[in-house]
Amino acid sequence: MAPIAMRPVNEPAAFPDGYAVRPERKNTYKIAQIGADGIGPEVINAGVQVVHAVAKKVGMFKVDFTELDWSSDRYKKSGSYVPADYLDILKQHDAIFFGAVGAPDVPDHISLWGLRLAICQPYMYANVRRTKVLPGTTSPLSNLKPGDLDWCIIRENSEGEYAGHGGRSHRGLEHEIGTEVTIFTRTGIRRIARYAFQVAQSRPRKHLTYVTKSNAMRNGMVLWDEVIKEVAKEFPDVTMDSMLVDAMTVRMTLDPQSLDTILATNLHADILSDLAAALAGSIGIAPTANIDPSRTMPSMFEPIHGSAFDITGMGISNPVGTFWTACEMLDWLGEHEASKILMKAVEQTCADGIKTRDLGGKADTQEVTDAVIERIRAL
Ligand code: IPM
Ligand code: MG
C-alpha cells in the first residue's frame, strides 16, 4: 500500500458545517426517545440526564424528550414494533435518540427489520461512525497513541447488501434456494458519495478512502467505483484513494494513521466499523448517527453496541457510547458548543479513571453519568 501524505490532525468537526441543508436553531428541541431492548433504556436514560445537564449549562435551549415504547416487548404483545403511523410520529421530532434493539426470544432479522431498519432505511441514507482512542481507553494496537486513530466511517445505509431483495423457494427440499440480492443505484451511490466527500472536506486532513470489492464483484461494485470517481471531481480539494475491503482490514490494523474519512457499502462498513471500535479499545464507546442529509426526516442517533441482555438491569452498562452519540446529535442539531462541552466532560471523566468494567474500571452506569454531569457543571 502506497504511503499517503497527510496533513496534521486537529480537532475535526463531527459533521460538516457546509451541509447542503443547515440546521435550524431552536429554543426547544423535540427528541423521540426510544430505549428499546436490553441495556438500551438504561444507557439512553443516562444520555438524557447528560443532555439536560449540558443544555442547562449552555442556557440557550431546552430538550424535550418523548419516550416511545417501540421495542421487542411491544412486538411480543402486539405483533408490531411500531404503530402504523410511525413515520408521521417521528416527523414531529427534531431527532431520534435510540438505545438498542434485539431480544433473545425474537429472531434478529425480525427485530432489526421491525424497528431499526424500519426507521432508518427509508430516509437516513448516511450512517456515520466516528472512532478514536479516548483518554483512559487502550487500543489493542500497542504502538498507538491517542490521536493516531481518528476515523469517520460513512456507511451507505439504505441499499447495497441490506436492500432486502431476495427470497426463498423450494423450502425444505434438497435444492432449496435463498437469494440476497445486492442493489446499487446511481442515485444511491451518488448521494452517499457526496455526503462522504462533504464530511472529508470538513475534516482537517481532507482525505477520503473508499472501500470496494470491484475485483470480484463486477457489476454493482464497478458502478460504485465509477460513480464515486465522478463525484470526486466535485471536490478537488479532497484527496482520495481506494481499498479492497479485505486489504482494508490490514491497513486499518497496521497503518491506522494513514486513514481519515472512510466510505463503504452497507455490509462492508458494518464489518469494518466493528473492527474500528475494537481497535479503538472498546465497542462500548462508539457512536452511530443515521443521517438524512436532506433533513426531511429527523436523524437517528444510537450507540454502536447492542442490547447486551447478559448485563441488562445490573446497572453496569457503559454509557459513554451513548454520551458520544448525544454529542453527535447535538452537533447535527447545530448545538456545537453543547456538543463540545459534553465531549470534553466525557473525555475528562474517562481520563480520571471513572470507567465501567468493560474499560477496566469499577464505576457503575450512574456513577459515570454523575461524574460527567459534575464535569459539565465545572467546565
Ligand atoms: C450495526 C449492527 C446491525 C447491522 C445488526 C444488529 C444487524 O451490527 O448497526 O452495525 O448490521 O446493521
Ligand atoms: Mg454492526
Side-chain angles (χ1 to χ4, degrees), residues 34-41 43-44 47 70-72 75 81-82 96-131 151-166 178 180-184 188 192 196 211 213 245 248-249 252 262-292 299-312 317-318 320-322 324-326 328-329 358:
I34 309 175
D37 297 343
I39 60 168
V43 291
I44 289 297
W70 304 354
S71 61
S72 293
Y75 170 73
Y81 275 86
V82 293
I96 306 161
F97 198 32
F98 187 90
V101 63
D105 48 356
V106 181
D108 285 341
H109 64 279
I110 303 278
S111 57
L112 183 77
W113 284 89
L115 188 57
R116 207 173 145 267
L117 290 182
I119 295 174
C120 297
Q121 233 183 5
Y123 293 93
M124 300 166 208
Y125 64 80
N127 182 280
V128 181
R129 299 187 163 183
R130 298 187 69 206
T131 316
W151 300 333
C152 187
I153 300 181
I154 310 294
R155 171 179 180 182
E156 201 294 316
N157 213 30
S158 66
E159 54 179 35
E161 307 85 346
Y162 283 53
H165 273 241
E180 200 69 50
V181 182
T182 298
I183 306 275
F184 288 107
I192 193 66
V211 177
K213 191 66 192 174
V245 64
M248 184 64 167
T249 61
M252 286 169 73
I262 298 162
L263 167 63
T265 69
N266 218 326
L267 181 63
H268 290 168
D270 174 42
I271 298 163
L272 296 178
S273 60
D274 264 26
L275 174 61
L279 292 176
S282 167
I283 191 110
I285 59 171
T288 308
N290 298 280
I291 298 291
D292 171 7
S299 293
M300 183 171 114
F301 301 83
E302 54 173 342
I304 205 170
H305 63 69
S307 44
F309 269 85
D310 52 328
I311 57 160
T312 299
S317 50
N318 186 353
V320 168
T322 302
W324 195 353
T325 296
E328 305 276 65
M329 181 168 78
D358 53 306

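Atom set for the values below is all heavy atoms of this structure, side chains included, hydrogens, waters and symmetry mates excluded. Both counts, for ligands and for their atoms, begin at 1 and track the order of listing. Note that the coordinates shown come from a computational prediction; the quantities given were computed from them, not determined experimentally. Index from 1, following the sequence.
- At the top of the distance list for atom 9 (O) of ligand 1, counting protein heavy atoms only, stands R129 NH2, 2.8 Å.
- A 6.0 Å sphere centred on OH of Y123 holds no more than 12 heavy atoms belonging to other residues, nucleotides or ligands.
- Under a 4.0 Å criterion applied to the non-hydrogen atoms of D270, ligand 1 contributes the atoms 1 (C), 2 (C), 4 (C), 8 (O), 10 (O), 11 (O).
- Ring centroid separation for the pair F97 and F301 does not come in under the 6.0 Å cut-off.
- With hydrogens and angles left out, the side-chain atoms of S72 and Y81 include a donor and acceptor closer than 3.5 Å.
- Residue side and main chain included, D274 places no N/O/S atom under 2.8 Å of the Mg ion (ligand 2).
- Looking only at heavy atoms of the protein, atom 6 (C) of ligand 1 is closest to L112 CD1, 4.1 Å.
- The distance criterion of under 3.5 Å between nitrogen or oxygen atoms is not met by S273 with respect to ligand 1.
- Residues I283 and H305 come closest through the heavy atom pair O-CB, 3.8 Å.
- The atom of D270 nearest to the Mg ion (ligand 2) is OD1, with the search restricted to N, O or S atoms.
- The nearest heavy-atom contact from the protein to atom 11 (O) of ligand 1 is Y162 OH, 2.5 Å.
- For atom 12 (O) of ligand 1, the nearest protein heavy atom (residue, atom name, distance) is R155 NH2, 2.9 Å.
- Applying side-chain hydrogen bond (donor to acceptor under 3.5 Å, both in side chains) to Y162 and the options E180, R155, Q121 leaves one that passes, R155.
- When each of R129, H268, R130 is paired with S273, the side-chain hydrogen bond (donor to acceptor under 3.5 Å, both in side chains) condition holds for R129 and for no other.
- Taking any N or O of R116, backbone or side chain, at least one lies under 3.5 Å from an N or O belonging to ligand 1.
- Between P303 and T322, the shortest heavy-atom distance links the atoms CG-OG1, 3.5 Å.
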